Amino acid sequence: MHVATSAVYTTTSTVVVGAGGTCLVVDPAVTAREVDGLAATIRARGWTPVAVWSTHAHWDHVLDGPGLAHLPRWSAGVPGTDRETLAAERDADPELARSGEPAAPVGAVATQYPARSPGVLDWPGPTVQVLVHAAHSRPATALFLPGSGVLVAGDLLSDVEIPLLDLSAEDPVGDHVRALDLLEATGADVVVPGHGHVGRDLDRRLAADRAYLAGLVAGVPATDPRADLPWTAAADAAQQAAVAP
């Protein structure tokens with residue numbers, strides 16, 4: 001497994017590598033330079049990418065570049081957000097603008113992933129279990145590699161972001177809690193979040209996210225240090241207003 005981190009929102013890109021160098025690229029980076037660098041690393045190591053996986057359909061998880069654009073893009077539930085809307089959201093993002101770098105282009109629309117059996121990816125690499133949930137975005141996925149105990153968590157279990165709810169959902173907190181239960185059941189040894197840093201601390205991350213959500217439901221102001229950044233503080237304020245008892 002290869003992990004690279006973008007400076008924009010500490011976005012994490014993952015390459016799952018199998019025997020013979022076959023690989024799956026998960027959530028490529030944000031800027032054109034970073035995506036090109038990821039593709040160059042894959043070439044330099046002699047890996048053969050078979051597809052790109054988007055854990056969900058937010059703009060920062062659907063980007064690619066010349067080195068990846070020829071690959072199929074897989075997901076679950078096939079997100080329906082059109083490319084023009086995603087590009088507009090990307091171009092309006094303040095953190096990306098502050099980076100001063102050109103953004104990577106929006107990739108092709110994802111198609112339903114090929115399944116070896118229900119919930120198991122059919123590809124020439126290690127076993128990948130596809131965990132579908134409704135937290136943060138609908139639909140959203142995480143990938144679990146039981147052979148190595150690695151959980152590629154998408155935009156859950158971050159050490160730098162509070163849980164970010166899908167406020168358009170009927171039960172955004174409940175959706176998030178159920179997703180955390182789903183990820184906990186993997187018993188993963190290694191967590192790779194979509195934003196943040198790799199860690200061997202699944203239990204600690206679960207506890208932190210559940211504590212934040214419990215405080216949200218109780219109407220208690222957040223004391224989570226992950227809410228201290230200007231943009232996470234703004235997200236917390238919006239969530240407090242939406243979920244206030």
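It should be emphasised that the depicted structure is a prediction, and the values quoted were computed from it without experimental measurement.
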Would you say Arg200 has more than 12 foreign heavy atoms packed within less than 6.0 Å of its CZ?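 Counting other residues, nucleotides and ligands, CZ of Arg200 stays at 12 neighbours or fewer.
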For atom CD of Glu170, decide whether the heavy atoms of other residues, nucleotides or ligands shown that lie under 6.0 angstrom number more than 12.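 No - once you tally the heavy atoms of other residues, nucleotides and ligands closer than 6.0 Å, there are 12 at most.
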Do [X] and [Y] have side-chain heavy atoms sitting under 4.5 Å apart?
X	Y	value
Val243	Val173	yes
Val30	Trp59	yes
Ser168	Arg138	yes
Asp181	Arg210	yes
Glu89	Asp93	no
Arg226	Thr232	no
Pro28	Leu63	no
Thr11	Asp27	no

Donor-acceptor pair, side chain of [X] and main chain of [Y], under 3.5 angstrom:
X	Y	value
Thr141	Thr55	yes
Thr12	Gly196	yes
Glu101	Arg33	no
Arg73	Ser54	no
Thr41	Gly37	yes
Glu34	Ala4	no
Arg83	Val109	no
Ser137	Ala140	no
Ser13	Ala29	yes

Mind checking what makes ring-ring contact (aromatic ring centres under 6.0 Å, His included) contact with His133, not counting sequence neighbours?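 Per chain and number, His133 pairs via ring-ring contact (aromatic ring centres under 6.0 Å, His included) with no residue.
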Compare every heavy atom of [Y] with every heavy atom of [X], then report the nearest pair and how far apart it is.
X	Y	result
Val16	Pro126	CG1-CG, 4.1 Å
Ala104	Asp64	CB-O, 3.4 Å
Ser148	Asp189	O-OD2, 4.3 Å
Ala115	Asp122	C-CB, 3.5 Å
Val130	Ala76	CG1-CB, 4.3 Å
Pro172	Asp166	CB-O, 3.3 Å

Taking the six-membered ring for Trp, are His61 and His136 ring centroids under 6.0 Å apart?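 Centroid separation for His61 and His136: 6.0 Å or greater.
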Applying a strict under-4.5 Å side-chain criterion to I, L, V, M, F, W and Y, I'd like to know whether [X] and [Y] cluster together.
X	Y	value
Leu24	Ile42	no
Leu229	Leu156	yes
Leu167	Ile162	yes
Leu206	Leu182	yes

How far apart are the C-alpha atoms of Arg90 and Val106, what are their side-chain angles, what is the distance that settles it, and do they pass the side chain to side chain contact (heavy atoms under 4.5 Å, CB included) test? CA-CA 9 Å; Arg90 175 201 63 190; Val106 175; 4.0 Å; yes
May I have the step-by-step check of side chain to side chain contact (heavy atoms under 4.5 Å, CB included) for Asp171 and Arg178, ending in yes or no? CA-CA 11 Å; Asp171 183 16; Arg178 285 185 285 274; 3.3 Å; yes
If you round to the nearest 0.5 Å, how far is CD of Glu161 from OH of Tyr212?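 CD of Glu161 is found 11.5 Å from OH of Tyr212.
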How long is the span from the CG atom in Leu143 to the OG1 atom in Thr186, to the nearest 0.5 Å?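 Rounded to the nearest 0.5 Å, the CG-OG1 separation comes out at 11.5 Å.
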Pair Val191, Val198 - check side chain to side chain contact (heavy atoms under 4.5 Å, CB included), show working. CA-CA 6 Å; Val191 179; Val198 177; over 6 Å; no
Parallel, tilted or perpendicular, judged at 30° and 60°: which one describes the rings of Tyr113 and Trp53?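 Tilted: the ring planes of Tyr113 and Trp53 meet at 30° to 60°.
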So, Ser158 and Arg205: side-chain donor and acceptor under 3.5 Å apart, yes or no?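 Distance-only check fails for Ser158 and Arg205.
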Please check if any side-chain donor atom of His195 sits under 3.5 Å from a side-chain acceptor atom of Asp60, or the reverse.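 There is such a pair (donor and acceptor under 3.5 Å, judged by atom type) between the side chains of His195 and Asp60.
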With Val26 as reference, evaluate Val15, Val192, Val52, Val152 under the side-chain contact (heavy atoms from CB on, under 4.5 Å) test and give the passing residue.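 Only one option passes, and that is Val152.
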Arg204 and Asp159 ion-paired at < 4.0 Å: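 Answer for the salt bridge query: no.
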Run the side chain to side chain contact (heavy atoms under 4.5 Å, CB included) check on Leu157 and Leu180 step by step: do they pass? CA-CA 8 Å; Leu157 301 178; Leu180 293 177; 3.8 Å; yes
